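Reviewing the structure listed below.
These numbers were taken from a predicted model, which means no experiment stands behind them.
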Amino acid sequence: TRCEHVVLPFEPSWSRAVYHLFVIRVKNRDALQKFLAERGISTGLHYPVPLHRQKAYTGNADLGELKMTDLVSGEILSLPMFPGLSDSQIKYVSENILKFFSHETT
């Protein structure tokens, strides 16, 4: 089942991703992360501060305004992804994401 509130990773038709991370985009990331944590589902925030805003990169290049990067950094959420992840665990995560958005939109 697809959820209109979740943007999945883009995978071109001519390739197949390895997925060492499975990162989704949602408008209300922090609320979804809390909801999932309450149900025992760990998630991650990879690069919660965009690279161009990190101290190590200031002054190294004139990157200008990266508005999309700033926007996306507040929306991305890394879902559980590891070799031993079972189909039932994937289903549990997926069902809870759908549950979150069904409660939020009613």
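- Leu21 and Leu36 are assigned to two separate hydrophobic clusters, defined by single-linkage of ILVMFWY side chains at heavy-atom distances under 4.5 Å.
- When the side chains of ILVMFWY residues are joined at heavy-atom separations under 4.5 Å, either directly or via intervening members, Ile76 and Phe101 end up in two distinct hydrophobic clusters.
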Could you go through the side chain to side chain contact (heavy atoms under 4.5 Å, CB included) check for Phe100 and Val26 one step at a time? CA-CA 12 Å; Phe100 172 81; Val26 294; over 6 Å; no
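- We find the OG-CZ distance between Ser73 and Arg25 to be 10.5 Å, quoted to the nearest 0.5 Å.
- Among residues two or more places apart in sequence or in another chain, the side chain to side chain donor-acceptor pair (under 3.5 Å) test is passed with Glu11 by Tyr19.
- To the nearest 0.5 Å, atoms CG (Asn96) and CG (Leu32) are separated by 9.5 Å.
- Annotation: the span from Leu85 atom CG to Ile90 atom CD1 amounts to 4.5 Å, rounded to 0.5 Å.
- Every salt bridge (charged side-chain N to carboxylate O under 4.0 Å, His left out) that Lys91 has, sequence neighbours left out, goes to Glu95.
- Side-chain contact between Thr69 and Leu51 is absent, with no heavy atoms from C-beta onward closer than 4.5 Å.
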Is there a side chain to side chain contact (heavy atoms under 4.5 Å, CB included) between Met81 and His20 once you walk through the steps? CA-CA 7 Å; Met81 176 60 67; His20 76 287; 5.9 Å; no
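- Within the 3.5 Å criterion, the main-chain N or O of Ile24 finds no donor-acceptor partner in the side chain of Arg29.
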Name each donor-acceptor pair under 3.5 Å that joins a side chain in residues 39-48 to protein atoms two or more places apart or in another chain, with its distance.
from, atom 1, to, atom 2, distance (Å)
Arg39, NH1, Phe35, O, 2.9
Thr43, OG1, Gln33, NE2, 3.0
His46, ND1, Ser78, OG, 2.6

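- Atom CG of Leu77 sits about 7.5 Å away from atom CD1 of Ile97, to the nearest 0.5 Å.
- Note that the CG atom of Leu66 and the CG atom of Leu71 stand 12.0 Å from one another [nearest 0.5 Å].
- For CD of Glu38, the number of neighbouring non-hydrogen atoms (other residues, nucleotides, ligands) closer than 6.0 Å is greater than 12.
- Note: Asp70 CG to Arg53 CZ = 4.0 Å, rounded to the nearest 0.5 Å.
- Cluster annotation: Leu79 and Val7 are assigned to distinct hydrophobic clusters (Ile/Leu/Val/Met/Phe/Trp/Tyr, side-chain heavy-atom contacts under 4.5 Å, transitive).
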